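Okay, so here's the structure we're looking at.
No experiment lies behind these values; they were computed from the predicted model shown.
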Amino acid sequence: MTIHMFRDDAYVRDASAVVTGHTPEGGIVLDQSIFYPTGGGQPGDSGTLSWEGGALNIATAIKGDDESIILVPAEPRALPGVGTTVTQSLDWERRYAHMRVHTALHILSVALPFGVTGGSIGAGRGRLDFDMADAPEDRDELEAMLNAHVASDMRVSAEWITEAELDANPSMVKTLSVQPPRGAGEIRLVRIGEGDATIDLQPCGGTHVARTGEIGALRIGKIEKKGRMNRRVYLHLDG
Ligand SMILES: [Zn+2]
């Protein structure tokens, strides 16, 4: 398994680690990773690995077996051997844009309280698919609501609960827009706002900004009809 460092602190851009394995496809496994692996609609991180006598560009990261994270080199070059201490560095501009868009999509799911059936995160924009029959009536009103949540600069935090706590707290389940993954024993919740002023609380393993103000201005893009009960809503970072 790989320690998922980005879960505890999404703002770590550089960190050391030790190589614990190679995959048959030429991937690298570290004991701890600041690289987020592709999942939940968020792309894997890119960046570099460097060590004494070598360096390698990392194109992306993916999930492996047993909670491991596999770094995928951008070019076929010699890999650092197992046991080598390496320095991992993120393409921070790209990752930070993912964090802003990802958090913005949580806010979109608050402004449009419908079931979410899919989503995708990019560096400048993202989208969610909603289980809704009609397009939102007033785009300007929707956009104003999103930007008001950004302007209020709410705290974004993560907490862990056990499956048993979730089961013992059915009212909490109602606030969850998706059923949490079962079997891991613990579930990570991401909260936007604090206490009674919480606007969103849902299971999520992705990376988020620490305060909604970091998202900056938002603009609603295309709204597409993708089936009788499906509206695809695009959201853009506007600066
Ligand atoms: Zn999230």
Side-chain angles (χ1 to χ4, degrees), residues 1-23 25-50 56-74 79-80 86-109 116 118-128 156-160 177-178 180-181 184 186-192 200 202-212 214-216 235 237:
M1 85 155 258
T2 306
I3 295 170
H4 293 37
M5 297 178 74
F6 49 84
R7 278 187 187 159
D8 293 327
D9 186 353
Y11 288 82
V12 179
R13 308 178 193 196
D14 307 278
S16 68
V18 174
V19 177
T20 58
H22 300 152
T23 67
E25 296 80 18
I28 303 160
V29 181
L30 304 177
D31 63 338
Q32 53 179 9
S33 174
I34 57 174
F35 287 79
Y36 176 82
T38 304
Q42 183 174 331
D45 285 325
S46 50
T48 59
L49 278 190
S50 58
L56 200 55
N57 289 317
I58 300 299
T60 189
I62 57 175
K63 289 175 183 162
D65 294 335
D66 300 326
E67 292 278 296
S68 68
I69 294 174
I70 300 165
L71 307 188
V72 180
L79 305 182
V86 297
T87 299
Q88 32 178 349
S89 304
L90 292 183
D91 177 347
W92 176 248
E93 205 171 310
R94 177 169 176 266
R95 150 66 96 70
Y96 188 55
H98 291 162
M99 287 160 60
R100 292 167 65 207
V101 170
H102 186 136
T103 311
L105 292 181
H106 279 249
I107 288 174
L108 179 62
S109 78
V116 173
S120 176
I121 292 161
R125 72 168 189 180
R127 64 168 169 81
L128 286 181
V156 182
S157 57
E159 57 207 79
W160 293 85
S177 68
V178 286
E186 289 218 305
I187 292 158
R188 182 182 192 247
L189 300 178
V190 171
R191 181 188 295 272
I192 300 182
D200 189 39
Q202 58 177 298
C204 188
T207 58
H208 311 81
V209 291
R211 303 200 68 93
T212 60
E214 293 182 44
I215 296 168
L235 190 56
L237 298 179

Mind checking side chain to side chain contact (heavy atoms under 4.5 Å, CB included) for Trp160 and listing every partner two or more places apart, or none if nothing turns up? Arg7, Glu186, Arg188
Please state whether the rings of Tyr11 and Trp92 are parallel, tilted or perpendicular, taking 30° and 60° as the class boundaries. tilted
Given Arg100, His106, Arg191, the one that forms side chain to side chain contact (heavy atoms under 4.5 Å, CB included) with His208: His106
Just by modelled atom types, is the Pro80 backbone N or O under 3.5 Å from a matching donor or acceptor in the His22 side chain? yes
Could you grab the distance from atom CD of Gln88 to atom CG of Leu71, nearest 0.5 Å is fine? 7.0 Å
In sequence, state the C-alpha distance, the side-chain angles, and the governing distance for Phe35 and Leu90, and then conclude on side-chain contact (heavy atoms from CB on, under 4.5 Å). CA-CA 7 Å; Phe35 287 79; Leu90 292 183; 3.9 Å; yes
Tell me whether Ser33 contacts the main-chain N or O of Ile69 through its side chain, where contact means a donor paired with an acceptor under 3.5 Å. no
Supply the atom-to-atom distance Met1 CE to Thr20 OG1, rounded to the nearest 0.5 angstrom. 10.5 Å
Is any side-chain heavy atom of Thr60 closer than 4.5 Å to a side-chain heavy atom of Pro43? no
Distance in Å, Gln32 CD paired with Ser16 OG, rounded so as to fall on 0.5 Å steps: 6.0 Å
Val19 side chain reached by Leu30 side chain, heavy atoms, under 4.5 Å: yes
Which heavy atom of Gly27 sits nearest a heavy atom of Ile70, and at what distance? CA-CG2, 3.8 Å
Between Thr38 (side chain) and Ala61 (backbone), is there a donor-acceptor pair under 3.5 Å? yes
Just so I know, are the side chains of Arg13 and Arg95 near enough to count as touching, which here means a heavy-atom distance under 4.5 Å? no
Can you tell me how far CG of Asp91 sits from CG of Asp45, rounded to the nearest 0.5 angstrom? 8.5 Å
For Ile215, the option from Val101, Val156, Leu237 that meets side chain to side chain contact (heavy atoms under 4.5 Å, CB included): Leu237
Starting at CD1 of Ile121, measure out to CG of Leu235 and round the result to the nearest 0.5 Å. 11.0 Å
For Val29 and Thr23, what are the C-alpha separation, side-chain angles and deciding distance, and is it a side-chain contact (heavy atoms from CB on, under 4.5 Å)? CA-CA 8 Å; Val29 181; Thr23 67; 4.2 Å; yes
Look up atom CG in Asp9 and atom CD1 in Ile34, then write down how far apart they are to the nearest 0.5 Å. 10.0 Å
